[in-house]
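Beneath this line is the structure, given in structure tokens, with notes to follow.
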Amino acid sequence: MALKVKAVEKLVKFSKNDPGVWRYVMSPDLYIALSQEKVIKEAALRSGVSRGVMQACWDAAGEVIKAWATEGHSVALPGLGTMRFGLRAKSVEKVEDVKAGLISSRRIIFTPAIDLKEELASTAIQITCYDRNGEEVKRVTSADGGTVEDPESDTSQTGGSGTENQGGDNTQTSGDDSGGKPSQGGAEEP
């Protein structure tokens with residue numbers, strides 16, 4: 001199995017008067033979103049419990065996760081990792097300048113489990129390139145090192161070992177629920 005990515009040639013502008021440059025911009029080529037009903041049906045088949053019981057468990061787990069995450073806990077998601085509340089905010093030099101208005105956004109932060117990171121790192125990526133006219137011009141399968149971004153630190157996961165994360169130019173301070181440890185966030189491609 002491989003993850004599918006598309007690289008589409010787009011005119012990229014950095015300001016209103018910038019004539020722009022043509023660049024191939026990559027993004028995941030996502031499959032259809034799976035409905036909750038389909039996921040519950042498959043989980044019921046794999047576990048041997050009825051769909052009704054699986055639905056009740058799914059609903060209860062969702063409510064517990066939502067309640068605990070909004071109380072500030074980092075909540076385990078079975079087999080996947082953890083989820084917690086975070087935020088993006090400006091930093092200030094003086095304590096008297098600290099106010100809620102410095103917060104630019106609230107975030108949900110998912111931290112994948114080591115097993116999930118290793119699986120993602122070892123999964124091949126197939127890239128299909130399209131020119132500005134929508135014509136397919138190239139296909140390639142990845143031979144990269146499988147670096148997986150780690151939202152908890154400035155390092156990335158590469159097949160089980162950490163390497164330095166080369167983030168984007170735009171950085172913002174991000175406090176978390178574990179004592180406000182600052183971390184750096186990078187700019188993301190659309």
- prompt: Step by step, would you call M83 with I65 a side chain to side chain contact (heavy atoms under 4.5 Å, CB included)?
  reply: CA-CA 8 Å; M83 184 188 87; I65 290 167; 3.5 Å; yes

Which distance, rounded to the nearest 0.5 Å, do you find between the [atom1] of [X] and the [atom2] of [Y]?
{"X": "K4", "Y": "S27", "atom1": "NZ", "atom2": "OG", "result": "14.0 Å"}
{"X": "L77", "Y": "L116", "atom1": "CG", "atom2": "CG", "result": "10.5 Å"}
{"X": "C57", "Y": "I40", "atom1": "SG", "atom2": "CD1", "result": "10.0 Å"}
{"X": "R46", "Y": "K41", "atom1": "CZ", "atom2": "NZ", "result": "13.0 Å"}
{"X": "K90", "Y": "D97", "atom1": "NZ", "atom2": "CG", "result": "12.0 Å"}
{"X": "T123", "Y": "I125", "atom1": "OG1", "atom2": "CD1", "result": "8.5 Å"}

Kindly indicate whether the side chain of [X], heavy atoms from C-beta on, has any atom under 4.5 Å from the side chain of [Y].
{"X": "F110", "Y": "L80", "value": "yes"}
{"X": "L3", "Y": "L120", "value": "yes"}
{"X": "R23", "Y": "K10", "value": "no"}

- request: State plainly whether one hydrophobic cluster holds both F14 and W22, where clusters connect Ile, Leu, Val, Met, Phe, Trp and Tyr through side-chain heavy atoms under 4.5 angstrom apart.
  value: no

query: In the single-linkage hydrophobic clustering (I, L, V, M, F, W, Y; side-chain heavy atoms under 4.5 Å), do V39 and V49 co-cluster?
result: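 Yes, because V39 and V49 connect within a single hydrophobic cluster, where side-chain heavy atoms sit under 4.5 Å apart.
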
Restricting to non-hydrogen atoms, name the atom on [X] and the atom on [Y] that form the minimum distance, rounded to 0.1 Å.
{"X": "Y24", "Y": "Y130", "answer": "CE2-O, 3.2 Å"}
{"X": "A7", "Y": "M26", "answer": "CB-CG, 3.6 Å"}
{"X": "T141", "Y": "A124", "answer": "CG2-CB, 4.2 Å"}
{"X": "P28", "Y": "K6", "answer": "O-CE, 4.4 Å"}
{"X": "V98", "Y": "L102", "answer": "CA-CD1, 3.9 Å"}
{"X": "V75", "Y": "W68", "answer": "CG2-CB, 3.7 Å"}

Is there a donor-acceptor pair closer than 3.5 Å between any side-chain N or O of [X] and the backbone N or O of [Y]?
{"X": "S74", "Y": "R84", "answer": "no"}
{"X": "N133", "Y": "E135", "answer": "no"}
{"X": "E9", "Y": "R132", "answer": "yes"}

- request: Decide yes or no on side chain to side chain contact (heavy atoms under 4.5 Å, CB included) for C129 and E136, but give the supporting numbers first.
  value: CA-CA 6 Å; C129 303; E136 183 179 318; over 6 Å; no

message: Does atom CD (E37) have a neighbourhood of more than 12 heavy atoms from anything else shown, all under 6.0 Å?
response: no

Enclosure of E119 CD (heavy-atom neighbours >12, cutoff 6.0 Å): no

query: Run the side chain to side chain contact (heavy atoms under 4.5 Å, CB included) check on V25 and V8 step by step: do they pass?
result: CA-CA 5 Å; V25 179; V8 179; 5.8 Å; no

message: Under the criterion side chain to side chain contact (heavy atoms under 4.5 Å, CB included), I'd like the reasoning laid out for R106 against F85: C-alpha separation, chi angles, the key distance, then a yes or no.
response: CA-CA 7 Å; R106 299 174 187 199; F85 160 75; 4.0 Å; yes

